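Taking it in order: structure first as C-alpha cells, then the write-up.
Owing to the predicted nature of the structure, the values given are computational and were not obtained by experimental measurement.
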Amino acid sequence: MKEMAADPNHQVLRLRKKHAPGRHERPVAADGERLLKAQSIGQALAAAFIAVIAFAVIWSMMTSALGRIYPWMTVLLGVMVGFAVRRAGQGLDWRFPSIAAAMAFVGSVFAKVVIAAGTTANEFGIGTIEVLRSVTTMTWPVFFDEAMTIADWVFALFAAVIAAYYANRRLNRREYQALRMYQE
C-alpha cells in the first residue's frame, strides 16, 4: 500500500511502463565494443559444420527407416545452420549470413551424397562408409546426373536463404543504441 501512495501517477488498470523516461540506464559505447568483440567466425564455422553433420546423419537414418527421401528436409537444415551460426558466432555483420548460406548449401549437397551412399549401400548389402570410401572421380558425374534433381538444387537454395536470414544476432533496443554509439 505504501508503494502505491509513493507513486502519484499510479493507475491500477494500466500496464507497467517499460519505456518510461528515466527508468533504464543509458547504453555506453563500451557495450557496443563488447558486442563487436563477442563475434567469432571460427565458432560460427564450427557450429555450422556440426549442424550439417548432425543433419546428414539424422536425414540418412530417417530415409533408411521410412524408405523414402524427403527433399524439403533441407529447408530444416537451413534453419538449423542459421540458428547455430547465430548462437555460436554472435555475428552482427554480413560475414555470418554468408557463412550460414554457404554452409547450408554445401550441407544440402553433402547430405544428399550421404543419402545416395546409404541407398546404394542397402542395395549392395554393405555399409554406407564403404560406399563413401569407394567414390572416385568417375562417380561424381553420375551422382549429379542421377541423384541430384532440380528440386534438390531449389531446396538447397531455399536452405541457404533461410540460413542467411536466421544467422545474424538479434539485438534489443539498448544493444542497438550501444552499437550505434560505438560506431559513431
Side chain Gln39, main chain Leu36, donor-acceptor under 3.5 Å: yes
Do you reckon Val114 sits in the same ILVMFWY cluster as Phe49, going by side-chain contacts under 4.5 Å, direct or chained? yes
Would you say CD1 of Ile150 has more than 12 non-hydrogen atoms from neighbouring residues, nucleotides or ligands within 6.0 angstrom? no
For Pro71 against Trp59, the heavy-atom pair lying closest together: CA-CZ2, 4.0 Å
Please give me the minimum heavy-atom distance between Ala101 and Ala163, naming the atom from each residue. N-CB, 4.3 Å
Given Ile69 and Lys112, is the side-chain contact (heavy atoms from CB on, under 4.5 Å) satisfied, shown in steps? CA-CA 9 Å; Ile69 298 173; Lys112 187 68 176 190; 4.0 Å; yes
Looking only at heavy atoms, which two atoms of Ser108 and Ala159 are closest? And how far apart? OG-CB, 3.9 Å
Where do Thr128 and Gly118 come nearest, in terms of heavy atoms and distance? OG1-CA, 3.5 Å
Flag yes if Val106 and Val52 sit in one hydrophobic cluster, no otherwise; membership is Ile, Leu, Val, Met, Phe, Trp, Tyr, and two members link when side-chain heavy atoms are under 4.5 Å apart. no
Modelled atom types, side-chain donor and acceptor of Thr139 and Thr136, under 3.5 Å: yes
More than 12 heavy atoms of other residues, nucleotides or ligands under 6.0 Å from CZ of Arg170: yes or no? yes
If every non-hydrogen atom of Ala56 is compared with every non-hydrogen atom of Phe110, which pair is closest and at what distance? CB-CE2, 3.7 Å
Hey, does Asn168 have a side-chain heavy atom less than 4.5 Å from the side chain of Leu92? no
Could you list who else is in Leu132's hydrophobic cluster, with ILVMFWY side chains joined at under 4.5 Å, directly or through other members? Phe105, Val109, Val113, Val135, Trp140, Phe143, Phe144, Met148, Trp153, Leu157
Kindly compute the distance separating CZ (Arg174) from CG (Leu179), expressed to the nearest 0.5 Å. 12.5 Å
Applied to residues 164-184, the ring-ring contact (aromatic ring centres under 6.0 Å, His included) test, sequence neighbours excluded, yields Phe83-Tyr166
The test is side-chain contact (heavy atoms from CB on, under 4.5 Å); show your working for Ile58 and Met73 and say whether it passes. CA-CA 10 Å; Ile58 291 168; Met73 291 284 289; 5.8 Å; no
Same cluster for Leu76 and Met62 if Ile/Leu/Val/Met/Phe/Trp/Tyr side chains link at under 4.5 Å? yes
Is there any side-chain hydrogen bond (donor to acceptor under 3.5 Å, both in side chains) pair reaching into residues 69-94, and which pairs are they, with sequence neighbours excluded? Gln90-Arg169, Asp93-Arg95
Verify same cluster id: Ile50, Met80 (apolar side-chain graph, 4.5 Å): no
How many angstroms lie between atom NZ of Lys37 and atom CG of Leu35, to the nearest 0.5 angstrom? 12.0 Å
Any chance the side chains of Thr149 and Asp152 put a donor and an acceptor closer than 3.5 Å? yes
I'd like to know if the side chain of Glu175 reaches the main chain of Asn172, judged simply by a donor and an acceptor atom lying under 3.5 Å from each other, with no hydrogens or angles considered. yes
Smallest separation among heavy atoms of Ile115 and Ser60, with atom names: CG1-CA, 4.1 Å
Do Leu45 and Val79 share a hydrophobic cluster, counting only Ile, Leu, Val, Met, Phe, Trp and Tyr and linking them when any side-chain heavy atoms are less than 4.5 Å apart? yes
